[in-house]
J.: 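The structure under discussion is supplied below as structure tokens; questions concerning it will follow.
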Amino acid sequence: MNSLEQQITSLAKSAVKALYGVEAEDSQIQLQKTRPEFEGNITLVVFPFVKTARKAPQQVAAEIGEKMMADGSGLIAKYNAVQGFLNLTISDSFWVEQLKAINADEHYGRFKHPNVKCPNGKCENDQMLMMVEYSSPNTNKPLHLGHVRNNLLGYSIAQIQEANGWKVVKTNIVNDRGIHICKSMLAWLKFGNGETPESSGKKGDHLIGDYYVRFDKEYKKQIAELTAGGMDEETAKREAPLMQEAQEMLRKWEANDPEVRALWAKMNEWVYAGFDETYRRMGVSFDKIYYESNTYLEGKSEVEKGLASGAFYRREDGSVWADLTKDGLDEKLLLRSDGTSVYMTQDIGTAKLRFQDYPIDKMVYVVGNEQEYHFKVLSILLDRLGFPFGKELVHFSYGMVELPNGKMKSREGTVVDADDLMDKMEEDAREISKDKVNTLQGITEAEANEIARKVGLGALKYFILKVDPRKNMLFNPAESIDFNGNTGPFIQYTYARIRSVLRKSVSDSGLSGEAGLSSVSDSGLSLDPKELALIQRLTEYPSAVRMAGEEFSPAVICNYAYALACDFNSFYHDLSILNEPDGQKKALRLLLAANVAKVLRSAMALLGIEMPERM
RNA sequence: GGUCCGGUAGCUCAGCUGGAUAGAGCAACAGCCUUCUAAGCUGUGGGUCUCGGGUUCGAAUCCCGACCGGAUCACCA
């Protein structure tokens, strides 16, 4: 709640008390932004008081309005009552003060402490720590659009929580071992002829991905041969020589076979080099990376401990299980009968190591909604193993990216590759900017590339982040992502326009946006509705940041940034900044423009979107 | 079948802790560049907020029940 809402709430409460003799609850003071078709800035809904007042809503609104205005010492300039709605017009001087305060705040929209109860009471001094896990790729194929959504959400959530006062540690768990990587290794050994990223010019992750696909192709061939020979499909899948060999390779890996380990290490390096490039380009990063190959043994030993303590049980075939029927779930396998570990085992080990490494107050997993069951189970298992953080873990569950013909499937080749997609976005941005010779004349090739990079990626990131994370979203590869309307480039463009005006102002008259501050007086200045709307929008930024943090939703920031950009463009169209003859007004508009740019930049940074100075 | 999530304009999506005549963008159509960047601005058309009940001054929003779509319930990850 910002200071205006607090002031209005308190005025409204005392008005209700004075007029009707009742103490109003906070929840009864319902404030909302006044709809544009009515006069006013903020509206009090008076229906909650109609009953006690025993008067018509319109009259109640008018009475409260009269009283609030009288007591408000100039805060409320005027009011009007429409049915049960009391529309308050706040004085211009208040808004000017707000603008100055925003301008003075370097970290506007950032909070010192999270808006949650501090569990151990030490948060006044120490920041609370949130660990955010995201990305978590398998090392057998390149990143695709599904990973892109994951990475963008994870990175943005980390930025948003940091702005909300958390100390954030971004982490990644790389699934670098298991049958999937053995498949790629085997196919490379059999069909690769020693191909390397250097020899073929392929990015390492793409090269490995090609062999993963190759494995699947050859494997299917073998299954077909076996079933043609009369074998049933289930048996064929199990008995196919390639699968047998892959499993043998996995056993050798677990037994530390030097040759297998060496090959594994080499091929993983190729993949990491490829991932690093994609991450860098995407603009995401990690503070700490865990590898499954280092955590799965830890998980095994935790499971053994749980077995000893009676939390889990062993079946006759040697496999280890957790009975979750009391929690309304099923029984869950933790170790296979051959003693090898499963996904869950590894996640237990990783969690343990993380909590050893960091004083984590909140653990967040950015993982698709298809794994909701998994995290429900993980939470219970960690709790059962005696880890205090088990119950508290957050599965930030987001929806799938779907193509017009359904889900993406790596093995079926119906994926949108992350690198290709970024290429395409930059090309499109480059193409569009070719028409902008008037504004982009005289820039170097390198500058043009940099603008295309920022704008192309901005379009992609905004396109993905503006959708409510919980919902599935549709991506149609046949239609290119827009650069007009409610898009990243629209907001970047608004920013570039402001920067252009500010540059011109400095070069023409030496007046920067902030420099105009001293000449803006607090009184006697009457605001244009467009100016006022912009200032009011600026005051809403902190609550947008709060809400985005509470709801884990970058989309909230997108919506806010879009609304702010819309307000500015409307202002920009109607009112001139540099040609305004009145010095006071000009100074105010410069100040306003500079702060809109500041907030747009800040908001987009929370989304991981960079701003071009011109475009 | 159990559990979870979703269903809003032709399309992609906001709005969902109850408030005024349900909003954007795209697509379509009509305007606005001699003037701070037209990736912009203004306007027109487009809706049974899936359906049916309930709660109340008031429901797209909350509750119940259908219907439709998705996810999940592996010795996969």
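A, B, ... follow the sequence lines: proteins, then strands. Residue 1 opens every chain. Values reported hereafter were calculated over all heavy atoms of this structure, with side chains retained and with hydrogens, waters and symmetry mates removed.
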J.: Which nucleotide, B:G23, B:G15, B:G19, lies nearest any side-chain atom of A:Phe85?
T.: B:G19
J.: Could you please spell out the steps behind the ring-ring contact (aromatic ring centres under 6.0 Å, His included) verdict for A:Phe375 and A:Tyr365?
T.: CA-CA 9 Å; A:Phe375 283 99; A:Tyr365 295 87; 4.8 Å; yes
J.: Measuring to OP1 and OP2 of B:C5, would you say a side-chain N or O of A:Lys471 lies under 4.0 angstrom away?
T.: no
J.: Identify which nucleotide among B:U3, B:A20, B:C41 has an atom closest to any side-chain atom of A:Lys376, counting heavy atoms from C-beta outward.
T.: B:U3
J.: Starting from P on B:C26, measure out to CZ on A:Phe463 and report it in whole angstrom.
T.: 14 Å
J.: When you get a sec, tell me which of B:C36, B:G6, B:C76 is the closest nucleotide to the side chain of A:Tyr572?
T.: B:C36
J.: For A:Asn138, answer base if it contacts any base atom (sugar-phosphate contacts may also be present), sugar-phosphate if it contacts only those atoms, and nothing otherwise; contact means non-hydrogen atoms under 4.0 Å.
T.: sugar-phosphate
J.: Please report, rounded to the nearest Å, how far the P atom of B:U42 is from the CG atom of A:Asn569.
T.: 9 Å
J.: Could you tell me how far apart A:Tyr562 (OH) and B:C26 (C1') are, to the nearest whole angstrom?
T.: 11 Å
J.: Does A:Arg589 have a side-chain nitrogen or oxygen under 4.0 Å from the phosphate oxygens OP1 or OP2 of B:C36?
T.: no
J.: Which heavy atom of A:Tyr560 sits nearest to which heavy atom of A:Arg537, and what is that distance?
T.: OH-O, 2.7 Å
J.: Starting at atom CE of A:Met400, determine the distance to atom C1' of B:A71, rounded to an integer number of angstrom.
T.: 8 Å
J.: Roughly how far, to the nearest 0.5 Å, is the OG1 atom of A:Thr34 from the CG atom of A:Asn41?
T.: 6.0 Å
J.: Just call it for A:Val455: base, sugar-phosphate, or nothing, with non-hydrogen atoms closer than 4.0 Å on any strand.
T.: base
J.: Checking A:Thr345 side chain against A:Val342 main chain: does a donor-acceptor pair fall under 3.5 Å?
T.: yes
J.: Can a side chain N or O of A:Asn484 be found less than 4.0 Å away from OP1 or OP2 on B:G40?
T.: yes
J.: Closest to the A:Arg497 side chain: B:A20, B:U37, B:A77?
T.: B:U37
J.: Return the value, rounded to whole Å, for the distance between atom CD1 of A:Ile380 and atom P of B:C73.
T.: 15 Å
J.: What is the nucleic acid contact for A:Leu474, judged by heavy atoms within less than 4.0 Å: base, sugar-phosphate only, or nothing?
T.: sugar-phosphate
J.: Have a look at A:Ser433 and say if it touches a base, only the backbone sugar-phosphate, or nothing, with a 4.0 Å heavy-atom cut-off.
T.: base
J.: Has A:Ser397 got a side-chain atom pairing as donor or acceptor with A:Gly368's backbone, closer than 3.5 angstrom?
T.: no
J.: Using a heavy-atom distance cut-off of less than 4.0 Å, which residues of residues 318-326 of chain A contact RNA chain B?
T.: A:Ser319, A:Trp321
J.: If you only use heavy atoms from C-beta on, which nucleotide in B:A77, B:C4, B:U37 is closest to the side chain of A:His180?
T.: B:A77
J.: Could you state the CG-P distance from A:Asn472 to B:U12, rounded to the nearest angstrom?
T.: 13 Å
J.: Using whole Å, report how far CG of A:Asp468 lies from C1' of B:G7.
T.: 14 Å
J.: Using a 4.0 Å heavy-atom cut-off, does A:Gln83 contact any base of the nucleic acid, only the sugar-phosphate backbone, or nothing at all?
T.: nothing
J.: Measure the distance from CG on A:Leu44 to C1' on B:A20 and round it to the nearest whole Å.
T.: 14 Å
